[in-house]
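Everything below concerns the one structure shown next.
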Amino acid sequence: MAYSFPEEVLEHVFSFLSSDRDRNAVSLVCKSWYDIERWCRRRIFVGNCYAVSPEIVIRRFPELRAVEMKGKPHFADFNLVPEGWGAYAYPWIAAMEEAYPFLEEIKLKRMVVTDESLELISKSYKSFKVLVLTSCEGFTTDGLASIAANCRHLRELDLRESEVEDLSGHWLSHFPDSCTSLVSLNMSCLGSEVSFCALERLVARSPNLRTLRLNRAVPLERLANLIRRAPQLVELGTGAYSAEIRSDTFSNLADAFSACKQLKALSGFWDVVPSYLPAMYSVCSGITSLNLSYAAIPSSDLVKLISQCQNLQRLWVLDYIEDSGLDALAASCKDLQELRVFPSDPFGAEPNVSLTEQGLVSVSEGCPKLESVLYFCRQMSNAALIAIAKNRPNFIRFRLCIIDPQAPDYLTLEPLDAGFGAIVEKCKELRRLSMTGLLTDRVFKYIGSHAKKLEMLSIAFAGDSDLGLHHVLSGCDSLRKLEIRDCPFGDKALLANAAKLETMRSLWMSSCSVSFGACKLLAQKMPRLNVEVIDERGPPDSRPEGCSVERAYVYRTVASRQRLDMPDFVWTHDEDSSLRYS
Amino acid sequence: MSSSEESYSYPDESDLELGLGLSLGGGKTKTKTKHLVAAGGGGSWDHYARILTAKDFAGVVSDKTSSSSSSSSSSSSITKVNTSGTKRTAESPCSPPGRSAIRFSYGSSQVVGWPPVRTYRMISMSNQVKSPVTEQLFSIDDKCKSKNADTPNPNHGSCKNNNISKENGFAKTSLFVKVNIDGVAIGRKVDLNAHTCYEALSRALDDMFMPSASVGGRGSNMEKQSSVAGKRQPVRFHDGSSDFVLTYEDKDGDWMLVGDVPWEIFLSSVRRLRIMRTTDAKGLGMRISTLS
């Protein structure tokens, strides 16, 4: 203690640490550092809202200004988590109201947020600035009205991809005339029309507005006026991009765009009329991010647009781009880092566009900086995957979705083990992988041996036996999130790797071969794992012993394993009676 | 007709017939079938067995000679093969209707949450107004139009037998719209393209929201739509305590009673649905004639 700095000095030093990892490391040095650090931590990120309780957080970190949290597991996006499962924001919001009067930022993902919560937020924090709700649900436009009306210093309101019950567009008019602090507004997920006058005035009085993402109900004819009032925009999401073809509308729009010298990102583009795309050409050379994933535009028009965007780094697009369009992309966008190709007709039995594995091969060849891919297609081959891996060993994220989930190599009819094996072998920095296609235990062996930096793995309809799961759990040193559906993985691999599960954030297994007995055993063995059995067929012990559970969601937690908001289709370990599930 | 029945010495042969058609593509291999049995009794395999149709088997039958390696033999020691304890029941659907996940159509089979495209994205896509300009520019063949033919749509007398014209240029996708019912906070979604007329839609909604409806007596809960002197009646529901009426929000943001316009026109302008209490619906400005 003779050599210790005064607390204030240490606090000052710690204030330069922004990464959670660094701060967590600092906390472990000694008790006094732990104490000093916890008083000066201002931001936290909770990856699983059930891993910890509000009380524990508040007790440890009394002076937070920013909270970021995630709720439901990723597979909730595809309706694999029944409604009512949980992830309610309210208990957190209510607890923080008292504890953090100076809270400025709340960012939630996949949580259920009610109007009540929003109202509470809007009234509790005098300097509230940032609200980001990603893929959330449970609230209506009334809740938004509270936020607009009461948060005097609001900077960001971002509702990306949330499901909002849209009662009316009137909420926007609740922003008072005195509100001039907006930096970012993302209302793209909303359906109703807002008052265009109110919107224009809001934009006009927000000199710091950098991000404006409109919803589909904002017609193209209105876009020019809005942009004109905000030439400083960096990110713009259009509304519906269609109008009667009129030269005055066109030139109006083109003029407005040309005034936006700082525009870097474009999105929106519902209902595109291709003739209006050239109105944007003046900004294309500066564009680094382009989201055309709602735009039904033929390949030729896409190519014309994309070839104007030589500095493109991120492209999200529908498979209308086809292989030919991807060839053009590979030729003109050498800075491309991220590509996502979504299916225009995911449920069609036959392909509706000419997009194959070849498109991905071209892009991997032509774009040296490509590191992140999400690609939906209908056929794949080992040869293509091997080529892609060779071309692009710098992949960090590789997500491939073949529409037929167990499609083999379409050329050889073999499993795609070798292809994905090449990916994990060559791409040493791979952090995220999603696989589809015909896959045996062999691919998991490759993954276990090579994918040492892999943090998140998504598996569907793959594998032969528990050995597959065992390879992954025992081999992937950096694994944090594992989500599995419809695979023959079961008890043995799970129990043999119980300790591994505590080093991960979570494991999701649905429609696999995990028995209730194994879940019970796992929960008993590992007191800091919550093993949730999510089964809508009634009590798990009413079925024969060997019967598989519908879903098992296993996550580490320091909170109680009997969460108070558990619905009746979730069973967890009952602490009181060790062998009986409640 | 299972190609999986040949030369395996699995204890419970009867399980194999439920393993049919797991291969939704070609190339049915030995390892793959094996893992079906290894899975033991599980709701998920019933899921598959229950809903695949002959269409899926067409490609499978031909590939009987599986050349696949036997990585399976080495893994068999770990594989857990459930024998007696597990009876795969023929009926057991995984999830009770009306409770859980939306069923999407995949060709003629249904796999929950596959392909992994977010509902949000699919709704946005399917509600696209297809402008005449874009339709001409596309030169995509009109495929998969038979999709709608497979969906179970009872075409009863009063309902026009609509074959929804498949627009040229665009493959027909689902048209998911949100449905909310007064009194319940969380809404559901329904694929309008899975139905060919108002009556079919009513039945689907009835199933979804009026769980008290007995299987046989659906008619008692739902007023059949009938053309009375050419004028359609609004679609109604009855849950025992109050009357509900089906309404929709159109492109212009106006709320209308469902049933007043021809089905195709309805499809092109509907944004979402709401099952409203009759008392609240009076403000719609349309007279709701009492059915008697």
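Protein chains get the first letters and strands the later ones, always in sequence-line order, with residue 1 at the start of each.
A:S354 does not touch chain B: none of its heavy atoms, backbone or side chain, sits under 4.5 Å away. Residue A:F376 touches chain B through its side chain alone, counting heavy-atom pairs closer than 4.5 Å. Of the two parts of A:F342, only the side chain, counted from C-beta on, holds a non-hydrogen atom closer than 4.5 Å to a non-hydrogen atom of chain B. Contact of A:D166 with chain B is made through backbone and side chain together, with heavy-atom distances under 4.5 Å. Proximity to chain B involves both the backbone and the side chain of A:S293, based on heavy atoms less than 4.5 angstrom apart. Heavy atoms closer than 4.5 Å to chain B are found nowhere in A:A240, neither backbone nor side chain.
Atoms CE and CG, from A:M380 and A:L416 in turn, are 8.0 Å apart once rounded to the nearest 0.5 Å.
Among residues two or more places apart in sequence or in another chain, the side-chain hydrogen bond (donor to acceptor under 3.5 Å, both in side chains) test is passed with A:E193 by none. Qualifying ring pair (Phe, Tyr, Trp, His ring centres under 6.0 Å) partners for A:F139, counting only residues two or more places apart in sequence or in other chains: none.
Only one option out of B:R188, B:K178, B:R118, B:R272 pairs with A:E163 in a salt bridge (Lys or Arg N to Asp or Glu O under 4.0 Å); it is B:K178.
The existence of a salt bridge linking A:R551 and A:E536 is confirmed by a sub-4.0 Å separation between a basic side-chain nitrogen and an acidic carboxylate oxygen.
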